[in-house]
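Step one of this worksheet: look at the structure below.
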Amino acid sequence: GQPVEIERKHRLTLQKICVCKSPSPVVPSRVGVSQYACQRKTTLDNKNTLFTDAFEILAENYEFRENERSCLSFRQAASVLKSLTFTIAGMADVDGLPGFGDHIRAVIEDLIEDGESSKVSEVLNDEVYRSLKLFTTIFGVGLRTAEKWHRLGIRTLEEIKSNENLKFSKMQIAGLQHYEDILGGVRKAEADAVAMVVRDAVWTFLPDAVVTLTGGFRRGNKTGHDVDMLITSPIQGKEKELLHKVINLWKKQDLLLCHTIHESTMDEDNLPSKSVNLLDHFQKCFAILKSNQHRGEISSCDGPHDSRERGKRIWKAIRVDLVFCPFEQYAFALLGWTGSRQFERDLRRYASHEKKMMIDNHALYDKTKRVFVKCESEEEIFGHLGLEYIDPVERNA
Ligand code: DCT
Ligand code: MG
């Protein structure tokens, strides 16, 4: 790729990115283990689930309590352990690993000695944690709503559903309606079937469109919580027309159980962004689709009540995210939407701290040369960042 002139629009976009600070001082790393996930290979073969499961519970609790620093420390530590090719058996194995401070070491010590951690048990028994965990698994329910419901004394799904004073968004109504289906997650075969339905719909209107399954499934996961689809068109600007056409088609086919559209905020850099909690400026759609359970394809058959009352589940509700990006940003969007979250976080941190560059889902900016670096593939992006290419299946940080 050739460096290109600074485009003001992109520069402003990049200035808004929050680059996470390293949660703990840099410790000399244990033989070759980098503090950055984008310099580690992390397959799905996690040899340290005992520790990483515990860390993820503690991190989530810190997230609920809005202790960002501790949350990140535990997520980073879990991520480091996931990349190891051996199982931690004693405290000496942890020496020199980047970011392993006293709090983290204490939890590891407990787990090595007793096979369990009192801190984790405490969290799992904590009433606030249990409520927030339960409520935030409902599609459309964020931390604020979950906290509010907990403060109102609500503790169970039944209490939510039967409370006549609560007002629900359309996403929350659908989230409650299809709670079990969504909680059950998505299998790879189901994701492939949904990907085909998305392709069919998109190609009806634009046969040249590029439609890619991203997220955890691109990293080789056998299951996931949703299906992430990235869509672009080599014909400039054509992708902009797609979403509304696809939605109308699916409505006619009776495939849509719920959808929310976020229009692109790419051209609104001069306005205060209304979408601070979204990770990029692309047009996107968060939807729940009907997926056929048996034939492995989306069905437009009966409604849920008819089929379920007869004991035959004809379809399953599946969470789908559609993201539409301009062709010249495709490589960045693909890299961003492939994840993992920790991998993305560390890619941004690495670019900023080690290379004086900024990367987001739209572009790569070289702060020294003051240019945007054009990239047509993920390989090129890694190259420009001076990183060895990491395959998607090794980005499970
Ligand atoms: N992503 C990110 N930051 C966010 C949200 C998402 O970097 N705040 C990226 C990383 C993964 C990708 O988008 C898709 O997100 P998810 O679907 O939430 O994650 P996943 O890895 O696909 O995992 P899951 O199996 O839970 O869907
Ligand atoms: Mg996903």
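Start at 1 and go down the list; that is how both ligands and their atoms are numbered. Just so you know, residue 1 is the first one in the sequence shown, and it goes up from there.
Judged by distance alone, the side chain of Asn67 and the main-chain N or O of Ser70 form a donor-acceptor pair under 3.5 Å.
Counting the atoms of ligand 1 from 1 in the order shown, those under 4.0 Å from a heavy atom of Asp228 are 14 (C), 17 (O), 22 (O). Atoms of ligand 1 found under 4.0 Å from any heavy atom of Gly339 (numbered from 1 in listed order, with element): 10 (C), 11 (C).
Scanning Leu279, Thr338, Asp321, Val227 for the heavy atom closest to atom 3 (N) of ligand 1 points to Leu279. The residue from Glu344, Arg219, Arg319 that puts a heavy atom closest to atom 7 (O) of ligand 1 is Glu344. With Ala191, Gly336, Ser340 as candidates, the residue nearest to atom 9 (C) of ligand 1 on a non-hydrogen basis is Gly336.
Partner Thr338 forms a side chain to side chain donor-acceptor pair (under 3.5 Å) with one of Arg219, Glu344, Arg218 and no other, that one being Arg218.
With a heavy-atom cut-off of 4.0 Å, Arg345 does not touch ligand 1 at all. Within the 4.0 Å heavy-atom criterion, both parts of His225, backbone and side chain, lie near ligand 1. Here Asp226 has heavy atoms under 4.0 Å from ligand 1 in both its backbone and its side chain.
Here Phe55 and Phe74 bring their ring centres to under 6.0 angstrom of each other. Less than 6.0 angstrom separates the ring centroid of Phe286 from the ring centroid of His262.
In Asp228, the N, O or S atom that comes nearest to the Mg ion (ligand 2) is OD2.
When distances to the Mg ion (ligand 2) are checked against a cut-off of 2.8 Å, Asp321 contributes no N, O or S atom below that limit.
By the 3.5 Å distance cut-off applied to N or O atoms, Gly216 is counted among the residues near ligand 1.
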